[in-house]
Amino acid sequence: MQLPDAEGLCAALAERLHPGLHPDTALVGIHTGGVWVAERLHAALGLKTALGRLDVSFYRDDFSRSGLHPQLKSSDIPFEVEERPIVIVDDVLYTGRTIRAAMNEIFDYGRPARIDLAVLIDRGGRELPVCPRWTGETLQVEPGKNLQLERGEGNRLILRLIDA
C-alpha cells in the first residue's frame, strides 16, 4: 500500500481549514500524533490563540480493560474554553472513541461555542457517530493493520502501516 506524504497532507489540511476558522478559534491536538499535526497547522495558519494539547488516557472508555498507556503526557489548555470555537486535531481517525474522550476532557475545562474535528487520515471503521469537518485524506486500511504517524529525520512526519 502506497502511503501519502504526511507533510504534504498537513499543508493540504491547513489550506482546507483556513476559510472555516474564526479569529478566536483554538486548535487542540491529541497526544501524540495529533499534537504533531496541530503544531504544523498552528504554524501554517498563524493562529494567535496558543495551541492546546490533550492526553485522553484517563477519559478513554477502554481504560479499565487496557490500563494506562506507558507514556502518559500532560494535558495543557492555555486559553479560556468558555464560548470559544475549538478544533480537535488528530492524526488518524478510526473508531471515534479517542475523539469522544477528547470532547469529554474539553468539557471539563468549560463549554466551548462549538467543537469541530480535523484529521490527517480518516481510515473508516467508526464505532461512534463521529465525523471530521476537515480531512487530509481518506484511506482504506486492511483489517489487522494500523496507520501510525512517526517523526523521522529532521522532525519530518512519516506515515507507517504496522500490524495491529
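Just so it is clear, the model here is predicted, and its values are computed rather than measured. All values below were derived from every heavy atom in this structure, side-chain atoms included, with hydrogens, water molecules and symmetry-related copies excluded.
- With no hydrogens or angles considered, a side-chain donor-acceptor pair links Thr49 and Arg84 at under 3.5 Å.
- Of the candidates Thr138, Leu93, Val130, Leu93 is the only one forming a side chain to side chain contact (heavy atoms under 4.5 Å, CB included) with Val119.
- With contacts defined as side-chain heavy-atom distances shorter than 4.5 Å, the pair Arg160/Leu147 does not qualify.
- At most 12 heavy atoms of other shown residues, nucleotides or ligands fall within 6.0 angstrom of atom CD in Gln140.
- Using a 4.5 Å cut-off between side-chain heavy atoms of Ile, Leu, Val, Met, Phe, Trp and Tyr, with links allowed through other members, Leu120 and Trp134 fall into the same hydrophobic cluster.
- Smallest separation of non-hydrogen atoms from Gly96 and Leu128: O-CD1, 3.8 Å.
- The existence of a salt bridge linking Glu137 and Arg16 is excluded, since no basic side-chain nitrogen approaches an acidic carboxylate oxygen closer than 4.0 Å.
- Of all heavy-atom pairs between Ala44 and Ala14, the closest is CB-CB, 3.9 Å.
- Interatomic distance, Leu9 CG to Asp91 CG, rounded to the nearest 0.5 Å: 11.5 Å.
- Note: Leu54 CG to Ser74 OG = 10.5 Å, rounded to the nearest 0.5 Å.
- In terms of heavy atoms, Pro112 sits closest to Ile86 at CB-CD1, 3.9 Å.
- Remark: the Arg126 side chain and the Thr95 side chain contain no N/O donor-acceptor pair separated by less than 3.5 Å.
- Look at Glu105 and Arg60 and you find no salt bridge, because none of the NZ, NE, NH1 or NH2 atoms lies under 4.0 Å from a carboxylate O.
- Shown here are the salt bridge (Lys or Arg N to Asp or Glu O under 4.0 Å) partners of Asp116, two or more places apart in sequence or in another chain: Arg114, Arg133.
- Residues forming a salt bridge (Lys or Arg N to Asp or Glu O under 4.0 Å) with Arg156 (at least two apart in sequence, or on another chain): Asp5.
- Note that CG of Asp76 is 12.0 Å distant from CG of Asp55, once rounded to the nearest 0.5 Å.
- Under the 3.5 Å distance criterion, with hydrogens and angles disregarded, no donor-acceptor pair is assigned to the side chains of Tyr94 and Asn146.
- The minimum heavy-atom distance between Ala50 and Phe79, with the atom names listed, is O-CD2, 3.4 Å.
- One hydrophobic cluster, built from ILVMFWY side chains closer than 4.5 Å, cannot hold both Leu47 and Ile30; they sit in different ones.
- Leu159 and Leu161 fall within the same hydrophobic cluster, defined by Ile, Leu, Val, Met, Phe, Trp and Tyr side-chain heavy atoms under 4.5 Å apart, directly or through other members.
- Note on Val87 and Ile121: same hydrophobic cluster, where clusters join Ile, Leu, Val, Met, Phe, Trp and Tyr whose side-chain heavy atoms are under 4.5 Å apart, directly or indirectly.
- Residue Val35 is not grouped with residue Tyr109 when hydrophobic side chains (ILVMFWY) are merged at heavy-atom distances under 4.5 angstrom, including chains of intermediate members.
- Here the CZ-CD distance, from Arg97 to Glu127, works out to 4.5 Å after rounding to the nearest 0.5 Å.
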Practice item. For salt bridge (charged side-chain N to carboxylate O under 4.0 Å, His left out), just list the numbers for Arg111 and Glu80, CA-CA rounded to whole Å, side-chain angles, deciding distance to a tenth of an Å, and then say yes or no. Key: CA-CA 10 Å; Arg111 184 183 182 275; Glu80 182 67 36; over 6 Å; no

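- Residue Asn155 comes nearest to Arg151 through the heavy atom pair OD1-CD, 3.5 Å, listed as atom of the first residue, atom of the second, then distance.
- Looking at Arg53, its side chain never comes within 3.5 Å of a backbone N or O of Thr32 through a donor-acceptor pair.
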